[in-house]
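On a predicted model such as this, the values are computed, not experimentally measured, just so you know. Order of appearance sets the numbers: ligands from 1, and atoms from 1 within every ligand.
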Amino acid sequence: MSGKPRVLVTRRIPDEGLDPIAAACELDLWADELPPPRDELLRRVAGCDGVLTLLTDKVDDGFLDAAGPGLRVVSNYAVGFDNIDVAACAARGVAVGNTPGVLTETTADLAWALLMAAARRLPEGDRYVRDGRWKTWGPLLLLGPDVHGSTIGIVGFGRIGQALARRAQGFGMRILYHDVNELPDDVTRPFGASYRSLEGLLEESDFVSLHVNLSPVTRHLINATSLRWMKPTAVLVNTSRGPVVDQAALAAALRDGTIWAAALDVTDPEPIPMDDPLVGLDNCLIVPHIASASRTTRGKMAAMAAANLLAGVRGEPLPTPVAPPA
Ligand code: DGY
């Protein structure tokens, strides 16, 4: 017994986080590329004072029972925390932390990259060249919509939605947003952003980008009905959570021309099964949940998750706590 707090870290994270944890704690690190299977996770969390989780680890009553009464903190290595039953943690006095802020700009960069890549058909163009199909300059080859000067609809106008709006401003776009409530003028005026109902936003936008948390309200927010509100030329970008979009409805909409293209960083489930209809569609670009994947940002997330974990095991307030639901 070292006398140090016992912690489980469920995947290798950058050294900015791992080093301070290893120095201060008795560390059990699950170092595989794949997440620990559920039974292994429950076995290893038993008796821990703290755990650093990823969005692939489900923290629910079963997990908390397995951990036992000594667990003080769950520190999620993500800004999203839909993998954690925060109310169940609060009921047992377990603090929950996440990593807000540090990944805002990097996530908006990827949302922007997806938007541009889908509009200008970059993956298709790349495949076209590598497949040896490029014979000449073609007046009608791989045409797409202009991004500059078009209208973008941002669903969820929080930190990341606003960071995307800043990028859209650089392209002279008209900016519409939808959120639970209309936001104060001093938030929206710098972007020239106008509030719309979801239906109004989807009807008017050339590009729609999703930046909402996953909750019972936002699950399948984009479904067969809302897809029909969109323009047949529209591009849908999702860097939020996969279940915000009804994937079967999206596949149908992309196939029958209800909308023009989609670009997804997140899917439901993850990884997307190779026999999912979206995988076979040229007008659907899919990347493997990499929105925050810059070296700098992942390092900052690690440092922040470690700070939450260490504060929690010491019984101190977390630097970035997740508030339990009201
Ligand atoms: C998050 O932080 O919630 C992302 O989805 C992963 O960086």
Side-chain angles (χ1 to χ4, degrees), residues 9-18 30 33-36 51-60 73-86 89 95-115 154-164 179 209-219 221-222 236-245 247 262-272 285-309 318-323 325:
V9 174
T10 65
R11 219 79 60 78
R12 181 171 290 286
I13 59 169
D15 291 345
E16 290 92 322
L18 218 43
W30 177 263
E33 186 196 352
L34 296 180
V51 56
L52 190 147
T53 48
L54 270 62
L55 46 82
T56 39
D57 305 313
K58 198 170 175 50
V59 178
D60 54 8
V73 58
V74 174
S75 171
N76 216 32
Y77 181 71
V79 64
F81 48 86
D82 45 281
N83 57 310
I84 299 177
D85 183 340
V86 180
C89 289
V96 178
N98 69 340
T99 64
V102 287
L103 47 74
T104 300
E105 298 297 331
T106 303
T107 301
D109 281 349
L110 189 92
W112 190 256
L114 288 177
L115 183 154
I154 300 177
V155 182
F157 209 59
R159 279 185 296 257
I160 299 172
Q162 291 175 31
L164 187 71
D179 212 310
S209 192
L210 306 176
H211 300 282
V212 293
N213 295 331
L214 177 61
S215 73
V217 177
T218 60
R219 183 173 293 272
L221 187 69
I222 302 300
L236 175 71
V237 177
N238 189 11
T239 54
S240 62
R241 285 292 184 261
V244 174
V245 175
Q247 249 167 233
L264 311 175
D265 179 45
V266 287
T267 61
D268 180 22
E270 291 181 3
I272 190 166
L285 190 179
I286 309 172
V287 295
H289 204 148
I290 53 170
S292 63
S294 76
R295 279 186 288 275
T296 305
T297 290
R298 288 285 168 86
K300 287 181 182 170
M301 289 167 65
M304 207 166 192
N308 280 327
L309 182 74
L318 308 197
T320 53
V322 170

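A distance-only check finds no donor-acceptor pair linking the side chain of Thr106 to the backbone of Leu103 [under 3.5 Å]. Proximity of a side-chain donor or acceptor of Asn98 to a complementary backbone N or O of Ala78 within less than 3.5 Å is not detected. Put simply, the side chain of Ser75 gets close to the backbone of Ala305: a donor and an acceptor are under 3.5 Å apart.
Between the side chains of Thr56 and Asn83, no donor-acceptor pair is found at a separation under 3.5 Å.
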For each nitrogen or oxygen atom of ligand 1, which protein N/O atoms lie closer than 3.5 Å, and how far apart are they, rounded to 0.1 Å?
{"from": "ligand 1", "atom 1": "2 (O)", "to": "Val79", "atom 2": "N", "distance (Å)": "2.7"}
{"from": "ligand 1", "atom 1": "3 (O)", "to": "Val79", "atom 2": "N", "distance (Å)": "3.4"}
{"from": "ligand 1", "atom 1": "3 (O)", "to": "Gly80", "atom 2": "N", "distance (Å)": "2.8"}
{"from": "ligand 1", "atom 1": "3 (O)", "to": "Arg241", "atom 2": "NH2", "distance (Å)": "2.8"}
{"from": "ligand 1", "atom 1": "5 (O)", "to": "Arg241", "atom 2": "NH1", "distance (Å)": "2.7"}
{"from": "ligand 1", "atom 1": "5 (O)", "to": "His289", "atom 2": "NE2", "distance (Å)": "2.7"}
{"from": "ligand 1", "atom 1": "7 (O)", "to": "Ser292", "atom 2": "OG", "distance (Å)": "2.6"}

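Leu114 approaches Val287 most closely through the heavy-atom pair CD2-CG2, 4.0 Å.
Residue pairs satisfying the salt bridge (charged side-chain N to carboxylate O under 4.0 Å, His left out) criterion with at least one member in residues 95-108, sequence neighbours excluded, are listed as follows: Glu105-Arg166, Glu105-Arg167.
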